[in-house]
Amino acid sequence: MDLLKPFALALLASTALAPGAAAASGQAAKPAPSLQAQLHKAQAQMARMQAQIDALEKKLTALTATNASDAKLAEAKPASGAPAPDGAAPGQAAPETPTLASAVETARHADATATQALASAEKAQGAIALTQRAVAATKWAANTSVSGEMFLNLSNITQHNGGANYPASGVGVNIKRAFIGVNHRFSGKVSAAILLDADNVTGQPSTVNPPNSSANLVGKGVYVRNAYAEVKLHPALTIRLGAAEMPWISYAEGAENQRHVERSLLERVGYGNPADWGVHLSGDFLRQGTTSLSYGLAVVNGGGYRQARVTKSMDVEARLSGTWNGFYAAAGGYYGKRGNDIESPASNAPSSFRTATRIDFMGGYKSSVIGIGGEYFFARDWNNVAINPAQFALSQDTASGWSGFAHYNLSRQWRAFVRYDQVHPNRMTVRDLQDDLFVGGLQFSPLKFVDLALVYKRETVNGGSVATSNGVIGCSALGQPTPNAFSTVSGPAALCKGNGTYDEVGLFTAIRF
């Protein structure tokens, strides 16, 4: 009777799994839940058939008992002179009944069929597991993006400080910026991103040539620029926690759209951070056609993305911006200690004495052919937060600067552009100090993500020295302090009063992927 169970299982497996097997072989690309449903259906059918098997066993048992009795009677009749059963010789037992013989043979065949059905079921389960892994990998890849950007230039630089040649002069190739980032979206509202930033890969951060071969090796300036978790709760509210782009400089760079040639005004002269650690909010109050009203708000440590300090207070930067029929305008500001408000071991030794403030304005017009715009800032005590007024009389200062820029699209691939900056970094302590920058060039974009620009830069500093993205310009000799290096109560010590010039001609490229 045990052989009957495989028979029934085989009948069930061939009935229940045949459609599923066909689906697995002919439609392997279907999702795993369809195969699982077929297996569950087969299991239910097997349970119903089990009851039928039990009833069949009872009937076969009774039939076997009847056949056994008939066989005994058949054996007894020849002994008393009765004729032997048909097909049997006298004294020979009656042959096995056709019903029982057929059931036994069918059960044996069912055992082989059941084994084959079990193998098919195991193969289907393996296909389900493989499909589930493939679906999971495809979903992860679809929600993950990898991006990169590189600013590469080949330039000839001529720099004179106080009439003397400067070590930054010469010809060379430099990767002034290299970014690589990964962004993963967990859902429609939640995502995370990380962006690595290499600044002046082949030189010092100030773009000055290394003094010897053992210092300032390639890759020294690699930092985590962005590392944040993002939640989009509403078009008017996106929250980022971690290191992210600051509201103002990211907006200014987008308006000018020539970051690969020169940094924007605030970052170029060191009066703002492009990214910082903290909580960043942004969103659109209005966005309809060419009209929009947006904002950005950041509560940050204040030391920039290269310095993740824990401070006693946090800084705030904000921006409100809008567009209308090609015109755009923005206003913003900054308030805080710039990462200097740290706990001191001695209660009578504060780490900060003033608060840095800055106001910003920007506006312009853009079309498919031309673009023109301008930026202005005014800052107070930006570099004097940690200067003790009791020790340095000239510890308070202000700075201001403006930038004007324009471009004209000669065709879809060619663009002519020009820019002019003027900055007064020490309006109170060194009133004559002034920095001027001119940038002009012709850009060719053979591909969507490739820009090639032939550029000329001319930067001059009069009345002292200024540290900019192109290095320290001014001062007649190396090592002399800048106007912010206070060393006496009466004011800056040994400041150079000479002029400096910086000229650069080069091919600047931006490659994005």
Side-chain angles (χ1 to χ4, degrees), residues 148-159 168 170-179 197-203 205-207 221 225 245 248-272 274 362 364 366 370-375 401-423 435-460 466-471 473 501-513:
E149 190 171 20
M150 180 174 63
F151 301 152
L152 176 69
N153 69 292
L154 169 62
S155 298
N156 179 75
I157 299 173
T158 303
Q159 182 173 349
V171 181
V173 176
N174 193 7
I175 301 178
K176 290 190 174 180
R177 217 71 180 191
F179 304 98
D197 173 16
D199 182 7
N200 288 290
V201 175
T202 60
S206 63
T207 71
R225 182 185 177 103
E245 301 298 310
W248 188 262
I249 289 182
S250 59
Y251 176 85
E253 289 180 349
E256 186 186 359
N257 197 27
Q258 294 291 153
R259 172 63 181 83
H260 58 289
V261 174
E262 185 59 79
R263 301 180 188 182
S264 63
L265 175 63
L266 289 181
E267 187 181 8
R268 186 182 73 83
V269 292
Y271 282 84
M362 193 170 198
K366 274 186 179 182
I370 65 171
I372 184 170
E375 179 182 3
W402 61 271
S403 175
F405 48 88
H407 73 262
Y408 179 76
N409 294 328
L410 304 172
S411 67
R412 296 183 60 182
Q413 294 181 316
W414 290 92
R415 165 185 287 194
F417 59 90
V418 65
R419 169 180 164 182
Y420 191 87
D421 293 4
Q422 186 175 102
V423 178
D435 171 80
D436 293 88
L437 171 70
F438 170 81
V439 179
L442 183 64
Q443 180 169 294
F444 174 60
S445 302
L447 300 173
K448 182 178 180 180
F449 300 109
V450 176
D451 297 322
L452 307 174
L454 183 62
V455 179
Y456 171 68
K457 296 183 184 181
R458 168 77 173 183
E459 186 169 5
T460 61
V466 177
T468 73
S469 59
N470 294 315
I473 303 174
T501 60
Y502 177 94
D503 293 276
E504 180 176 6
V505 178
L507 179 64
F508 288 72
T509 67
I511 302 174
R512 307 173 185 89
F513 58 88

Determine whether Thr468 and Val423 make a side-chain contact, defined as any pair of heavy atoms from C-beta on separated by less than 4.5 Å.
-> no
Using a distance-only test with no angle check, is there a side-chain donor-acceptor pair under 3.5 angstrom linking Thr158 and Asp503?
-> no
Can you check whether Arg419 reaches Glu256 side chain to side chain, under 4.5 Å on heavy atoms?
-> yes
Trace of the side-chain contact (heavy atoms from CB on, under 4.5 Å) decision for Gln159 with Thr501 | CA-CA 6 Å; Gln159 182 173 349; Thr501 60; over 6 Å; no
Tell me, do Val439 and Val261 make a side-chain contact under 4.5 Å, heavy atoms counted?
-> yes
Asp421 versus Glu375: any side-chain heavy-atom pair under 4.5 Å?
-> no
Residues Trp248, Glu267; criterion side-chain hydrogen bond (donor to acceptor under 3.5 Å, both in side chains); working and verdict | CA-CA 10 Å; Trp248 188 262; Glu267 187 181 8; over 6 Å; no
Are Glu504 and Lys176 within salt-bridge range, i.e. N to O under 4.0 Å?
-> yes
Would you say the side chain of Phe417 lies within less than 4.5 Å of the side chain of Tyr408, judging by non-hydrogen atoms?
-> no
Would you indicate whether Tyr456, at its atom OH, is surrounded by more than 12 heavy atoms from other residues, nucleotides or ligands within a distance under 6.0 Å?
-> yes
Interatomic distance, CG@Leu410 vs CG@Leu442, rounded to 0.5 Å, equals 6.5 Å
Output for pair (Leu452 CG, Phe508 CZ), nearest 0.5 Å, gives 12.5 Å
Could you check if a side-chain atom of Glu245 sits within less than 4.5 angstrom of a side-chain atom of Arg225, using non-hydrogen atoms only?
-> yes
Will you find, in the side chains of Ser469 and Glu262, an N or O donor that is under 3.5 Å from an N or O acceptor?
-> yes
Hey, what's the ring geometry for Phe179 with Phe151, parallel, tilted or perpendicular (30° and 60° as the breaks)?
-> perpendicular
Using a cut-off of 6.0 Å, state whether more than 12 heavy atoms not belonging to Phe444 lie near its atom CZ.
-> yes
Pair Arg268 + Glu459, salt bridge at N-O below 4.0 Å = yes
Beyond-backbone contact of Asn153 with Leu507, side-chain heavy atoms, under 4.5 angstrom = no
In sequence, state the C-alpha distance, the side-chain angles, and the governing distance for Arg263 and Gln258, and then conclude on side-chain hydrogen bond (donor to acceptor under 3.5 Å, both in side chains).
-> CA-CA 8 Å; Arg263 301 180 188 182; Gln258 294 291 153; over 6 Å; no
Does Arg512 pair with Asp451 as a salt bridge, N-O distance under 4.0 Å?
-> yes
With rounding to the nearest 0.5 Å, note down the distance linking CH2 in Trp402 to CD in Gln422.
-> 6.0 Å
Would a distance-only check, ignoring hydrogens and angles, find a side-chain to backbone donor-acceptor pair under 3.5 Å from Lys457 to Gly440?
-> no
dist Tyr502:OH -> Asn470:CG (nearest 0.5 Å) comes out at 4.0 Å
Thr460 side chain reached by Ile473 side chain, heavy atoms, under 4.5 Å | no
Is Ser155 reaching over with its side chain to a backbone N or O of Ile157, donor-acceptor style, under 3.5 angstrom?
-> no
Separation of Leu265 CG from Phe405 CZ (nearest 0.5 Å) | 9.5 Å
